[in-house]
Amino acid sequence: MTRSTDPRFGDLVAAEWLKLRSLRSTGWSLLIAGLAVLALNTGTAYDTYRYWAEDGEADGARFVRDGIPLQEAFTVNSALVLMLSAGAVGALSLVAEFRTGLIRTTFAAVPARRPLMAAKVTVLTAVMTVFGAVVAGASFWLTQAILSGRGVGVPIGHPGAWRLVIASALLAPVSALAGMALAALLRHGGTTLVATFVLLPLLPIALSDDRYWTAVLDHTLPYEAWLRLTETGMVDSRHPWTSTGAWLVLALWPLAAATAAVLTVDRRDV
């Protein structure tokens with residue numbers, strides 16, 4: 001009886017983690033992206049703190065009631081930066097192997113492509129989920145600490161706070177897996193990065209919410225799902241949708257992207 005020489009999935013995950021960790025560009029990219037997101041959010045909160053009116057008790061109550069502390073905890077600009085950065089990391093994690101030819105060596109050592117790609121997806125998802133959670137959590141804590149200096153910071157138990165932090169954290173793995181899927185399809189660094197930019201932040205801006213079918217298409221995109229989940233007050237839209245639908249979008253996108261990456265690499269020649 002012969003024993004299988006195929007590596008275990010845990011070994012593949014460990015190898016992919018070592019490969020990703022050994023790339024200096026990955027660590028630096030995540031560090032710069034995280035600092036940029038924190039700078040955008042804390043800068044907005046500090047501007048509020050610095051220019052706060054002296055007669056702020058009544059204004060402060062309205063400030064909190066209008067949900068502005070949550071808006072400043074994770075701003076639209078910081079969400080766009082996070083999506084672009086995470087998408088680029090996901091794309092380059094695979095494109096770099098195609099560009100250098102390392103993917104041929106990898107597939108020669110591990111002919112079973114699906115388990116190998118599943119290991120890549122697992123590592124990328126885990127790393128980017130932790131990254132997103134750290135950035136979103138730190139951003140909320142720092143911004144509310146700054147706003148508390150004027151008595152308008154809110155705790156994590158404030159209505160909508162947990163939803164904001166979780167939705168913002170999920171932008172990182174969702175965008176990274178979308179970038180990896182595009183890399184598997186396009187296999188060219190520049191083209192993949194442009195496609196990632198168009199798909200994640202640009203397409204939602206181009207789609208109008210005034211017409212039903214464009215609004216429906218718009219609602220299937222991660223950025224719009226994040227906007228829906230982080231909205232405070234009444235939803236101002238001609239074609240509104242539910243927060244359940246937004247959560248479903250953030251759940252299905254990484255699943256679809258991971259499946260596309262695994263199947264595309266499995267069926268195409270290197």
S.K.: Please say which of L221, V76, D218 ends up in a side-chain contact (heavy atoms from CB on, under 4.5 Å) with L227.
M.R.: V76
S.K.: If you group Ile, Leu, Val, Met, Phe, Trp and Tyr whenever their side-chain heavy atoms sit less than 4.5 Å apart, what else falls in with V194?
M.R.: L84, F197, V198, L202
S.K.: With rounding to the nearest 0.5 angstrom, report the CD to OG1 distance, Q71 to T230.
M.R.: 8.5 Å
S.K.: Of all heavy-atom pairs between L203 and L199, which one has the smallest distance, and what is that distance?
M.R.: CB-O, 3.8 Å
S.K.: Please enumerate all residues that pass salt bridge (Lys or Arg N to Asp or Glu O under 4.0 Å) together with E224, with sequence neighbours excluded.
M.R.: none
S.K.: Nearest 0.5 Å, what's the CG-OG1 distance between L185 and T191?
M.R.: 12.0 Å
S.K.: For T214 and R211, indicate whether the former's side chain and the latter's backbone hold a donor-acceptor pair under 3.5 Å.
M.R.: yes
S.K.: Residues in side-chain hydrogen bond (donor to acceptor under 3.5 Å, both in side chains) with S29, at least two apart?
M.R.: none
S.K.: Mind listing the closest non-hydrogen atom pair of V174 and P254 along with its distance?
M.R.: CG2-CD, 3.9 Å
S.K.: Quick one: does any side-chain atom of R150 pair with a main-chain N or O of G60 as donor and acceptor, under 3.5 Å?
M.R.: no
S.K.: Show the atom names and distances, to 0.1 Å, of all donor-acceptor pairs under 3.5 Å that link a side chain in residues 245-253 to residues at least two apart or in another chain.
M.R.:
residue: W253; atom: NE1; partner: T220; partner atom: O; Å: 2.6

S.K.: Using side-chain heavy atoms (C-beta onward) and a distance below 4.5 Å, is W28 in contact with L31?
M.R.: yes
S.K.: Can you list every pair that meets side chain to side chain donor-acceptor pair (under 3.5 Å) and has a residue in residues 115-127, with sequence neighbours left out?
M.R.: E16-K120, E97-K120
S.K.: Could you work out, with side-chain hydrogen bond (donor to acceptor under 3.5 Å, both in side chains) as the rule, every residue matching Q144, not counting sequence neighbours?
M.R.: none
S.K.: Got a sec, which residues hit side-chain contact (heavy atoms from CB on, under 4.5 Å) with I205, two or more places apart in sequence or on another chain?
M.R.: none
S.K.: Show, in sequence, the C-alpha distance, side-chain angles and deciding distance for L82 and F74, and conclude whether the side chain to side chain contact (heavy atoms under 4.5 Å, CB included) test is met.
M.R.: CA-CA 10 Å; L82 179 60; F74 216 91; 3.8 Å; yes
S.K.: Count I, L, V, M, F, W, Y as connected when their side-chain heavy atoms are under 4.5 Å apart, and connections chain through other members. Are L193 and V81 then in the same cluster?
M.R.: no
S.K.: What is the minimum heavy-atom distance between V135 and G34, and which atoms define it?
M.R.: CG2-CA, 4.0 Å
S.K.: Using the rule side-chain contact (heavy atoms from CB on, under 4.5 Å), only one of L200, L80, L171 pairs with Y223; which is it?
M.R.: L80
S.K.: Test L30 against V127 for side chain to side chain contact (heavy atoms under 4.5 Å, CB included), laying out the working first.
M.R.: CA-CA 10 Å; L30 294 179; V127 170; 4.2 Å; yes
S.K.: Honestly curious: do V123 and L18 fall in one hydrophobic cluster under the side-chain, below-4.5 Å linking rule?
M.R.: no
S.K.: Under the rule for side-chain hydrogen bond (donor to acceptor under 3.5 Å, both in side chains), what residues qualify as partners of D11, not counting sequence neighbours?
M.R.: R8
S.K.: Quick check: is L20 connected to L92 through a chain of hydrophobic side chains (ILVMFWY, heavy atoms under 4.5 Å apart)?
M.R.: no
S.K.: Throw together a table of side-chain donor-acceptor distances under 3.5 angstrom for residues 153-169, partners on residues two or more places apart or in other chains.
M.R.:
residue: R163; atom: NE; partner: L229; partner atom: O; Å: 2.8
residue: S168; atom: OG; partner: L164; partner atom: O; Å: 2.8
residue: S168; atom: OG; partner: W226; partner atom: NE1; Å: 3.0

S.K.: For side chain to side chain contact (heavy atoms under 4.5 Å, CB included), just list the numbers for L124 and L177, CA-CA rounded to whole Å, side-chain angles, deciding distance to a tenth of an Å, and then say yes or no.
M.R.: CA-CA 7 Å; L124 182 66; L177 288 172; 4.1 Å; yes
S.K.: If you look at every heavy atom in A261 and M117, which pair is closest and at what distance?
M.R.: O-CE, 3.8 Å
S.K.: So, for S175 and A86, which heavy atoms are closest and what is the spacing to 0.1 Å?
M.R.: CB-CB, 3.9 Å
S.K.: Is there a path of hydrophobic side-chain contacts, each under 4.5 Å between heavy atoms of I, L, V, M, F, W or Y residues, that connects W17 with F9?
M.R.: yes
S.K.: Checking side chain to side chain contact (heavy atoms under 4.5 Å, CB included) for the pair L94/T192: CA distance, chi angles, key distance, verdict?
M.R.: CA-CA 10 Å; L94 187 58; T192 300; over 6 Å; no
S.K.: CG of N77 to CG of L40: how many Å apart, nearest 0.5 Å?
M.R.: 6.0 Å
S.K.: Please report the shortest heavy-atom distance between S93 and M180, naming the atom on each side.
M.R.: OG-CE, 3.4 Å
S.K.: Working to the nearest 0.5 angstrom, can you tell me the gap between R99 CZ and R187 CZ?
M.R.: 14.5 Å
S.K.: With sequence neighbours excluded, tell me which residues meet side-chain hydrogen bond (donor to acceptor under 3.5 Å, both in side chains) with N41.
M.R.: T75, S78, S139
S.K.: Any link between L70 and V152 through a network of hydrophobic side chains (Ile, Leu, Val, Met, Phe, Trp, Tyr) touching at under 4.5 Å?
M.R.: yes
S.K.: Going by side-chain contact (heavy atoms from CB on, under 4.5 Å), name the residues that satisfy it together with A45, two or more places apart in sequence or in a different chain.
M.R.: E72, T143, I146, L147
S.K.: Quick one: salt bridge (charged side-chain N to carboxylate O under 4.0 Å, His left out) pairs with a partner in residues 30-45, sequence neighbours left out?
M.R.: none
S.K.: Flag the pair T48 / F63 as yes when at least one side-chain heavy-atom distance between them is below 4.5 Å, and no otherwise.
M.R.: yes
